[in-house]
Amino acid sequence: GLSGNGKTTMIEQVCAKNSRPWVRVNITKQTNEDDLMGGFRLIDGETVWVDGPVTVAAKSGAVLCLDEVDLGGALMMCLQPVLEGKAFYLKKIRQWVTPAAGFTVFATANTKGKGSDDGRFAHTNVQNEAFLDRFAITMEQDYPTPGVEKRILNKVFKSLGLDDSEFVTHLTKWADITRKAFNEGAISEVISTRRLETIAKSYAMFGDKKKAMGYALGRFDAETKDAFMDLYEKIDADVREEVDHFATCERVNLATTFEQKDEVKGMGAKWDAAARTWWVSGDTYRADTETWSKYAPTAVVENTEDCPF
């Protein structure tokens, strides 16, 4: 399945719900028999054998997760007997290992073992057909439905001390639209469930929807980032209004810490004694939004008698 849709998390949570031990191994091109099955290690000045994660899982009857298995190569062929569910031989110590009851192997991947022609999943490799054929069941996992994803996000929000069901609804609707457009070939990027979680975490830290989304979308090129943000603004009027305020306001208040006061003063910020806050003009803010955004800016949209301008 595509990146960030919960493949590994799904296995982890099923194991947790059923009180099953699990062992996760992240696969790379360099992963070899020594990494997986075990090898000799220097411990306290002595060379001793240490079981690898596959052997540990097999002996204990745990669930083994070979994560991102399509990044691996020919060095993983040592897993052939393991995937057949039979006893396997540790030739370096001349020992047979018979898997305990309950031993199960899962593997996650972004591709079906044929590599990635479009470069989206760089460094994935074409897998040996005999290796792939030993996986009895293949499941294609899509992103959650809006209803399921909303429940996931609500729990994430709750764990972060947030209570904003409306924001959750807007995020899930936004993500669903991007995925439909992606599946139709209209866009080349997609908003994953994992990216929605990062937005929630940033929102918990900064208390600002626009800023949280800006950080989460920062990995995309400027055109894609702007397109995703424009789409969200059509769904969430609050964020749209916030963007308009910063574009037209005459003043921007800064939530600086005491330690930052000299820093912002040196850059031209002014102190409003009545409001007890540092501020800059709207033009100053718009001239360098990247710098001023570090100080939790708030657009002032209405003048009052106490304002110094």
Side-chain angles (χ1 to χ4, degrees), residues 1 3-116 121-139 141 159 194 197-198 201:
S3 177
N5 71 9
K7 299 181 294 296
T8 305
T9 302
M10 184 268 290
I11 301 169
E12 176 192 51
Q13 292 303 307
V14 169
C15 288
K17 188 170 184 178
N18 290 278
S19 300
R20 290 292 310 280
W22 85 309
V23 178
R24 174 182 175 178
V25 185
N26 282 81
I27 304 298
T28 70
K29 186 177 181 179
Q30 288 75 36
T31 302
N32 58 27
E33 183 173 353
D34 191 78
D35 299 322
L36 296 169
M37 313 304 288
F40 288 101
R41 307 286 184 263
L42 185 62
I43 300 177
D44 295 331
E46 296 184 5
T47 302
V48 297
W49 171 267
V50 176
D51 287 340
V54 174
T55 305
V56 170
K59 287 182 176 180
S60 61
V63 173
L64 173 67
C65 177
L66 303 172
D67 208 14
E68 310 290 2
V69 72
D70 51 351
L71 291 173
L75 298 176
M76 294 192 304
M77 295 302 286
C78 61
L79 294 174
Q80 298 293 72
V82 178
L83 295 175
E84 293 171 357
K86 301 176 181 178
F88 54 89
Y89 188 63
L90 301 175
K91 54 182 178 290
K92 292 181 181 180
I93 56 173
R94 300 179 182 180
Q95 181 184 105
W96 281 95
V97 175
T98 300
F103 176 57
T104 308
V105 181
F106 283 89
T108 69
N110 295 128
T111 71
K112 293 186 177 181
K114 302 300 182 183
S116 176
F121 302 110
H123 309 300
T124 53
N125 299 301
V126 175
Q127 301 298 311
N128 183 287
E129 187 63 30
F131 176 76
L132 295 175
D133 198 49
R134 281 170 167 77
F135 288 94
I137 299 173
T138 301
M139 300 173 62
Q141 181 162 308
S159 71
R194 179 163 52 217
E197 289 190 26
T198 63
K201 292 173 183 176

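Computed over heavy atoms, backbone and side chain alike; hydrogens, waters and symmetry mates excluded.
Panel note: side chain T124, backbone G115; no donor-acceptor pair is recorded below 3.5 Å. T31 places no side-chain N or O within 3.5 Å of a backbone atom of I27 that could act as its donor or acceptor partner. No side-chain donor-acceptor contact under 3.5 Å links T55 to the backbone of P53. Q127 contributes no side-chain N or O that, together with a main-chain N or O of K114, makes up a donor-acceptor pair within less than 3.5 Å. Judged by distance alone, with hydrogens and angles left aside, the side-chain atoms of N128 form a donor-acceptor pair with the main-chain N or O of A130 at under 3.5 Å. N18 contributes a side-chain N or O that, together with a main-chain N or O of V14, makes up a donor-acceptor pair within less than 3.5 Å. Looking at R134, its side chain never comes within 3.5 Å of a backbone N or O of P81 through a donor-acceptor pair.
Listed here is the closest heavy atom pair of S60 and A100: C-CB, 4.2 Å. When every heavy atom of C78 is checked against every heavy atom of L36, the shortest pair comes out as SG-CD1, 4.0 Å. Closest heavy-atom contact between L71 and A122: CD2-O, 4.0 Å. Across every non-hydrogen atom of Q141 and N5, the tightest pair is O-ND2, 2.6 Å. Considering every non-hydrogen atom in both A87 and P99, the closest pair reads CA-CD, 3.9 Å. The shortest non-hydrogen separation linking C65 to W22 is CB-CZ3, 3.6 Å.
In this structure, K59 and V97 have side chains that are in contact, with non-hydrogen atoms separated by less than 4.5 Å. Considering only heavy atoms from C-beta on, W49 stays 4.5 Å or farther from Q95 through its side chain. Between Q30 and D35, every side-chain heavy-atom pair lies at or beyond the 4.5 Å cut-off. Between K92 and L90 the shortest side-chain heavy-atom distance does not fall below 4.5 Å. A heavy-atom distance below 4.5 Å is found between the side chains of L83 and V105. Contact check for R24 versus N26: side-chain heavy atoms found under the 4.5 Å cut-off. The side-chain heavy atoms of F103 and L64, taken from C-beta on, include a pair separated by under 4.5 Å. No side-chain heavy atom of E197 sits less than 4.5 Å from a side-chain heavy atom of R194.
Taken from OG1 in T28 to CE in M76, the straight-line distance is 9.5 Å, to the nearest 0.5 Å. Here OG1 of T98 is found 8.5 Å from CZ of F88. Values are rounded to the nearest 0.5 Å. Rounding to the nearest 0.5 Å places OG1 of T104 at 5.0 Å from CZ of R20.
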For this session: Could you walk me through whether S3 and N110 pass the side chain to side chain donor-acceptor pair (under 3.5 Å) test, one step at a time?
Result: CA-CA 6 Å; S3 177; N110 295 128; 4.9 Å; no

Problem set entry | E33 and L75: CA distance, side-chain angles, deciding distance, side chain to side chain contact (heavy atoms under 4.5 Å, CB included) verdict | CA-CA 7 Å; E33 183 173 353; L75 298 176; over 6 Å; no

For this session: Walk me through it: do I11 and D67 pass the test side chain to side chain contact (heavy atoms under 4.5 Å, CB included)?
Result: CA-CA 10 Å; I11 301 169; D67 208 14; over 6 Å; no

For this session: For the pair V63 and F106, evaluate side chain to side chain contact (heavy atoms under 4.5 Å, CB included) and give the outcome as yes or no after the intermediate values.
Result: CA-CA 7 Å; V63 173; F106 283 89; 3.6 Å; yes

Exercise. Given V126 and D70, is the side chain to side chain contact (heavy atoms under 4.5 Å, CB included) satisfied, shown in steps?
Worked result: CA-CA 7 Å; V126 175; D70 51 351; over 6 Å; no

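Between R41 and D34, at least one side-chain nitrogen of the basic residue sits less than 4.0 Å from a carboxylate oxygen of the acidic one, meeting the salt-bridge criterion. Using a cut-off of 4.0 Å between Lys/Arg side-chain N and Asp/Glu carboxylate O, E68 and K7 are scored as not salt-bridged.
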